[in-house]
Protein chains: 2
Amino acid sequence: MKSGVDTAKASKAPAIARAAAVLRLLGKHGAPLGVQAIARELGLVPSTCLYVLRALVAEDLVAFDADTKRYSLDAGVLTLARAWLRKDQFNDLAQPALDRIAREFGTTAMGVQVFGLDHIIVTAMSQSGQNFQLSTQVGSRFPALVSATGRCIAAFGGYPQSELKPRFDQLRWDEPPSWEDWLAQVDDARVSGVAVDAGHYLSGVTVVAAPVWKGGRPSHALVAIGIGAALRNELPRLKEALKAAASALSGQIAA
Amino acid sequence: MKSGVDTAKASKAPAIARAAAVLRLLGKHGAPLGVQAIARELGLVPSTCLYVLRALVAEDLVAFDADTKRYSLDAGVLTLARAWLRKDQFNDLAQPALDRIAREFGTTAMGVQVFGLDHIIVTAMSQSGQNFQLSTQVGSRFPALVSATGRCIAAFGGYPQSELKPRFDQLRWDEPPSWEDWLAQVDDARVSGVAVDAGHYLSGVTVVAAPVWKGGRPSHALVAIGIGAALRNELPRLKEALKAAASALSGQIAA
DNA sequence: GAATGTTATTCTATATATTGAATGAAAAGC
DNA sequence: GCTTTTCATTCAATATATAGAATAACATTC
């Protein structure tokens, strides 16, 4: 995955694109990496990569182990994340609604932020506290078009099918829907205002998502995720609850 | 505070230093900022600043509001922080000890990471759940030499006084100790293995810190913070508990 | 223990990112 | 309602960060 680096050529500040790619790679890989390994993975020249790493180390964003000559993420990234969390209004506003939904329906409820057709990032979460729960972590990234959120984005984002199809073809599902089925489900979502993924993304798991609007586009979404069998009877109510909460948020954010 | 940018001249990748400075500024400031404001604050040329911002927007690290032309931090920083949290062994190991200390003594307990003489970052925390508690947030940065942690770093870091003095002179305290008093307290810490700040940093608040060693230097510290009056009787036990926990961690991390 | 394949790192010419002035657009002031 | 100031943005010249080969240190293999 060299997605971070190919943006370097287009940009006027390639060093920054490279730095971001390095940070993401270190984050994804977990274990510390050497200069060469990083350069190879990202398609960079080792010497350039070394300068990027040194700059990141100077900023406390990357830690350098002088003995093993390995690099890994450092605590500086935390400082930035904390600052972001403190001032994001969607999070503050969404949390109470997520807590309520998680408690009432025994699901895991999440708030996600939409980044065009590229991906979504989980920015808030509430766990039901019940026995079995499906969990992700705040900060997780997913492809934009997958699962219920994907149908929301496709339904309300106003993208032409020609843009959706190639992205759709690259998605990974437990039980992949056909393109036609998927389009039909997207239409459903457009009509009802809520999207449902019934076991396609994860077998046996039902995901519901409702869009939160900002400036004529879905900028965020509220998502509930639970065991399909356990949810069946409550599904209509859950859909309405998510839709109502998302709609309320849309109004508050615009203000 | 242009500390982020002056490193740019020394580095071979100044764009990265600038980018980091921009991110930190946006984090500190909270409210969205325009290009010019950012450039002025950091001593950058507006056009350069614009390219830096665009690159950061392309990486989802900065959000751009097309209407107001303002920039702010974006959710991408979360993804990096999550990755870091997942794989930092100090955090995983320290959390149980912090929970225990917070519960037993009714204090707030924190794990911090030391960045030389520059600063420390809070990376883990446990609150006692009692009525009154002093709280910080994970990700917070403090000057290295302040409070109890500062005495630890001074005592065990092996820095000459000539390096310590200028930094000491710039610290902010509620009740500043004299240089001589402070040195004496540092010596106390060196002998006893634990440092105490009794109301100097924050009036009425006692802070205790014990160093966690890695490769011959204190790389982290365990810190407990509580109301001085409430803590008085327990202080000797708290010091021993922190020291023991920090010592145990030092062993585990080395392994 | 020598040899081979790695690795991190330094060095310099050159492609290119940065600069600062110029442009256009939008507030602010009168 | 016009002028003035402030802002974001573009552009072309130049200072400079980058690429690639060369070196040096290291680990691995025979």
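Just so we're on the same page: letters track the sequence lines, and every chain starts at 1.
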From D:dA17, C:dA17, D:dT9, nucleotide with atom closest to B:Tyr71 side chain
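Shortest atom-to-atom distance from the side chain points to D:dT9.
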Tell me which nucleotide among C:dC11, C:dA8, D:dC7 gets nearest to the side chain of A:Val35.
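Minimum distance to the A:Val35 side chain belongs to C:dA8.
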Within the 4.5 Å heavy-atom criterion, are A:Leu73 and B:Lys87 side-chain neighbours or not?
yes
Nearest-Å distance for atom pair [atom1]/[atom2], residues [X] and [N]:
| X | N | atom1 | atom2 | answer |
| --- | --- | --- | --- | --- |
| A:Arg40 | C:dA8 | CZ | C1' | 13 Å |
| A:Tyr51 | C:dT16 | OH | C1' | 17 Å |
| A:Ile38 | C:dT7 | CD1 | P | 12 Å |
| A:Gln36 | D:dA27 | CD | P | 15 Å |
| A:Leu44 | C:dA8 | CG | P | 14 Å |
| B:Leu53 | C:dT18 | CG | P | 12 Å |
| A:Leu56 | D:dA17 | CG | P | 16 Å |
| B:Leu50 | C:dG20 | CG | P | 16 Å |

Pairs where residues 143-167 of chain B contributes a residue and the test ring-ring contact (aromatic ring centres under 6.0 Å, His included) is met, not counting sequence neighbours
B:Phe156-B:Trp213
Verify, without hydrogens or angle tests, whether B:Thr79 (side chain) and A:Gly139 (backbone) share a donor-acceptor contact under 3.5 angstrom.
yes
Go through the steps to decide whether B:Arg167 and B:Asp118 satisfy the test salt bridge (Lys or Arg N to Asp or Glu O under 4.0 Å), and finish with yes or no.
CA-CA 9 Å; B:Arg167 307 239 182 198; B:Asp118 292 324; 3.0 Å; yes
Hey, could you give me the CD1/CG distance between B:Ile38 and B:Leu44, rounded to the nearest 0.5 Å?
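Between B:Ile38 CD1 and B:Leu44 CG, I get 9.5 Å after rounding to 0.5 Å.
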Can you name the residues that form a salt bridge (Lys or Arg N to Asp or Glu O under 4.0 Å) with A:Arg86, not counting sequence neighbours?
none
A:Arg54 vs D:dA17: side-chain N/O to OP1/OP2 distance below 4.0 Å:
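Checking A:Arg54 against D:dA17: no side-chain N or O falls below 4.0 Å of OP1 or OP2.
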Run A:Gln95 and A:Asp99 through side chain to side chain donor-acceptor pair (under 3.5 Å) and show every step you take.
CA-CA 6 Å; A:Gln95 196 66 54; A:Asp99 291 339; 3.2 Å; yes
Which residues within residues 62-70 of chain B lie with some heavy atom under 4.0 Å of an atom in DNA chain C?
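Those residues: none at all.
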